[in-house]
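Worksheet for the structure shown next.
Scope of the values below: all heavy atoms of this structure, side chains included, with no hydrogens, waters or symmetry mates. In the text below, chain A, chain B and the rest are named by the order of the sequence lines, each starting its count at 1.
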Number of protein chains: 2
Amino acid sequence: MAQTAGVDMSTASRVLRGDVSQRVREETRARILKVAEELAYRPNSLARGLRTARTDTLGIVVPQLDNPVFAAAIRGAEQAAAELGYSLLISHREPGTTATTIAKLSQTNRVDGLLVASLDDDEVLRSDLAAAHVPFVLMNRILPGAPLSVVLDSRAAARKAVAHLAGLGHRRIAHLAGRDQGFNAAQRLDGYRQGLEAAGIAFDPALVATAGYTAEGGARAMAELLPQRPTAVLAATLVSAAGAMSVLHAAGWRIPQDISVAGLHDAPVASLLYPSLTTVMMPTEEMGRVAASLLVRSLSGEHPDPVPPLPPGDLIARASTGPAPG
Amino acid sequence: MAQTAGVDMSTASRVLRGDVSQRVREETRARILKVAEELAYRPNSLARGLRTARTDTLGIVVPQLDNPVFAAAIRGAEQAAAELGYSLLISHREPGTTATTIAKLSQTNRVDGLLVASLDDDEVLRSDLAAAHVPFVLMNRILPGAPLSVVLDSRAAARKAVAHLAGLGHRRIAHLAGRDQGFNAAQRLDGYRQGLEAAGIAFDPALVATAGYTAEGGARAMAELLPQRPTAVLAATLVSAAGAMSVLHAAGWRIPQDISVAGLHDAPVASLLYPSLTTVMMPTEEMGRVAASLLVRSLSGEHPDPVPPLPPGDLIARASTGPAPG
DNA sequence: TTGAAAGCGCTACCAC
DNA sequence: GTGGTAGCGCTTTCAA
């Protein structure tokens, strides 16, 4: 390529990289660009990476791909990365491959840094990350000692949902919580309590059940709460909301006439449920964007300030919530 | 690392790669392995790739990530790739970045080959792939002139679904078809007709509407077909089935008492719908596995025979289908 | 059985 | 403003 243009390789490299530290005659530059274009020249990224010890690539590690939350985070991260001149290498960690995934990405010099979303316990995650020899940013969770993370304000989101239900006149509002131990679960539970308090409703532990993040968990927890005769329920996720709704249908409770159901996070599946689910939108795509740019900044030697939790979006009132009965 | 073990780099390389063409004294090998272990040595994959002109990495390109079909294909591909000593680089193509995605992956020497799932038109896809300078295998579609592809037998799947509905006594079975032009849509329509024929039911074009692959499309198509008073409907996808169900609920049709609904492909969301959706399982994960191994074989210089369409899995009878009314 | 050395394609430094 | 060149970390051929 360089010899076709009649210039030295190094000159071609300067032009092609857009190096501005040294100037190149306009005519030469044009010739190089033209030849590169004609030959559809693409620099070998392996050689470049070997030389520069950078790949201009970020890795993103998520627990699952077919999950709207992570899919949106990936989209956001990819967009921000592209704008900053980075590619994104996507990886998901099947259960059991936890440690390996991070290791593979980081120890083989394929990525400059890592965006990590994980549902693992603190200790597991911490040791996995310790083995990663690259900078990383956590998404949707905090880990003591890991300074860079971007989280959603799920406390505010839960508060918002409770406010909506209370505004409809509900007083017996149940909560299908996430995992017992878990940063987000605690946040949401806290937001739920704050929401109750703001509405002047006393907190009743009997109206809270642990549902985890599966439909089965949601169903089990809802079944557990039926005897308490709640008139509304706030589920931690769309999936647990769906599980709860199936139990309600089976029990002959009408939604929303007998009971209102709301969930956190918004995704297309919310409108597919029956009745369509009232949700609070969460800026998951934004989370990916922010995480990626945080990572890139820290790769360039900056020490960015911690990012405050991203506030929830609007509450989307759909068919699953309505006025309190009676 | 080599000098720590007191051997030459080349000897270390031979041992670490498991090169059997030359023998190494057992003692030396043990020493190298031990030191490598102690230092947690990981070969630099960029340097290796630069030297060998191989990355032992496959790329997989899908239109969306939060789609159970593609997520399963990715899982399968990743599993097969890992077993064959390859990593998988996942990429999704936002609308508009169609050409670039394939180009970026293949022209920067980052992957040895590509697995491609695409919803694009033949011509678009063809020219994108022409620009890719690596071998590729198509998933879930055929493209004239592209010899390597792995498809699901969606014709058989549609046949199976119709057989189930006919077996329940339905005679007026509608079909929510996919895109007008499209390999899979045509296959499914064909299977639908074959299923009708096998059940001795005459094909009625008035019972077929184009729904595409969205909930809105499914809803629109279902609304269109209501005046035909079908007693059962086969939707091309889960999502269009969900759209159809929302219209049926709104119109006051009871599922399955007034109308049975079935969809193709199975995924957790099928059980979240109300009522839970009867589906035909499709071997999408297997598709990814087969595609990956096909690609690896063709990378090693083999010329594998074309793979016949993968037969559908079982029909999962859930709550959305029941005996024909009357 | 092991070592020496070339070279993959590029960047970055230095010389001119 | 441009060219020469060393060297990134590895594999592979050849020599010892």
**Study point:** OP1 or OP2 of dT2(D) under 4.0 Å from side-chain N/O of Thr28(A)
**Key:** yes
**Study point:** No-H, no-angle donor-acceptor pair, Arg14(A) side chain to dG3(D) base, under 3.5 Å
**Key:** yes
Point to revise | Arg17(A) side-chain proximity, nearest of dA6(C), dG3(C), dA12(C) | key: dA12(C)
Practice item. Report yes if at least one side-chain N or O of Thr11(A) is closer than 4.0 Å to OP1 or OP2 of dG3(D); otherwise report no. Key: yes
Check your understanding: In terms of side-chain heavy atoms, does Gln187(A) have a donor or acceptor partner in Asn184(A) at a distance below 3.5 Å?
Key -> no
Exercise for review: Using a 4.0 Å heavy-atom cut-off across all strands, classify Arg23(A) as base, sugar-phosphate, or nothing.
Suggested key: base
**Study point:** Donor-acceptor pair between Arg48(A) and Thr55(A) side chains, under 3.5 angstrom
**Key:** no
Review point. Ignoring hydrogens and angles, does a donor from either the side chain of Thr52(A) or the base of dA12(C) sit under 3.5 Å from an acceptor on the other?
Key: no
Check your understanding: Between dG9(D), dG3(C), dG4(D), which nucleotide has the shortest distance from any of its atoms to the side chain of Leu50(A)?
Key -> dG9(D)
**Study point:** Test: Arg126(B) and Glu123(B) ion pair at under 4.0 Å
**Key:** yes
Review point. Closest nucleotide of DNA chain C for Glu26(B) versus for Asp8(A): which of these residues is on the 5' side?
Key: Glu26(B)
Exercise for review: Ignoring backbone atoms, establish whether Tyr41(A) has a side-chain N or O less than 4.0 Å from OP1 or OP2 of dG9(C).
Suggested key: no
Review point. Quick one: do Glu78(B) and Arg75(B) make a salt bridge, cutoff under 4.0 Å?
Key: no
Revision key, fill the gap. Picking from dG9(C), dG3(D), dG9(D), the nucleotide nearest the side-chain atoms of Val7(A) would be dG3(D)
Check your understanding: With respect to the side chain of Ala47(B), which nucleotide from dG9(D), dG3(C), dT2(D) is positioned closest?
Key -> dG9(D)
Review point. Just to confirm, is there a sub-4.0 Å distance from OP1 or OP2 of dT11(C) to any side-chain nitrogen or oxygen of Arg48(A)?
Key: yes
**Study point:** Arg25(A) vs dT2(D): side-chain N/O to OP1/OP2 distance below 4.0 Å
**Key:** yes
Review point. Among dT2(D), dT11(D), dT2(C), which is the nearest nucleotide to the side chain of Met9(B)?
Key: dT11(D)
Check your understanding: Hey, does the side chain of Ser10(B) come within less than 4.0 Å of dT11(D)'s phosphate (OP1/OP2), counting only N and O?
Key -> no
Check your understanding: Between the side chains of Thr57(B) and Arg110(A), does any donor sit under 3.5 Å from an acceptor?
Key -> yes
Point to revise | Given DNA chain C, 5'-ward residue of the pair Arg51(B) and Gly6(B), judged by closest heavy atom | key: Gly6(B)
**Study point:** Listed nucleotide nearest any side-chain atom of Val24(B), set dT2(C), dG7(D), dG3(C)
**Key:** dT2(C)
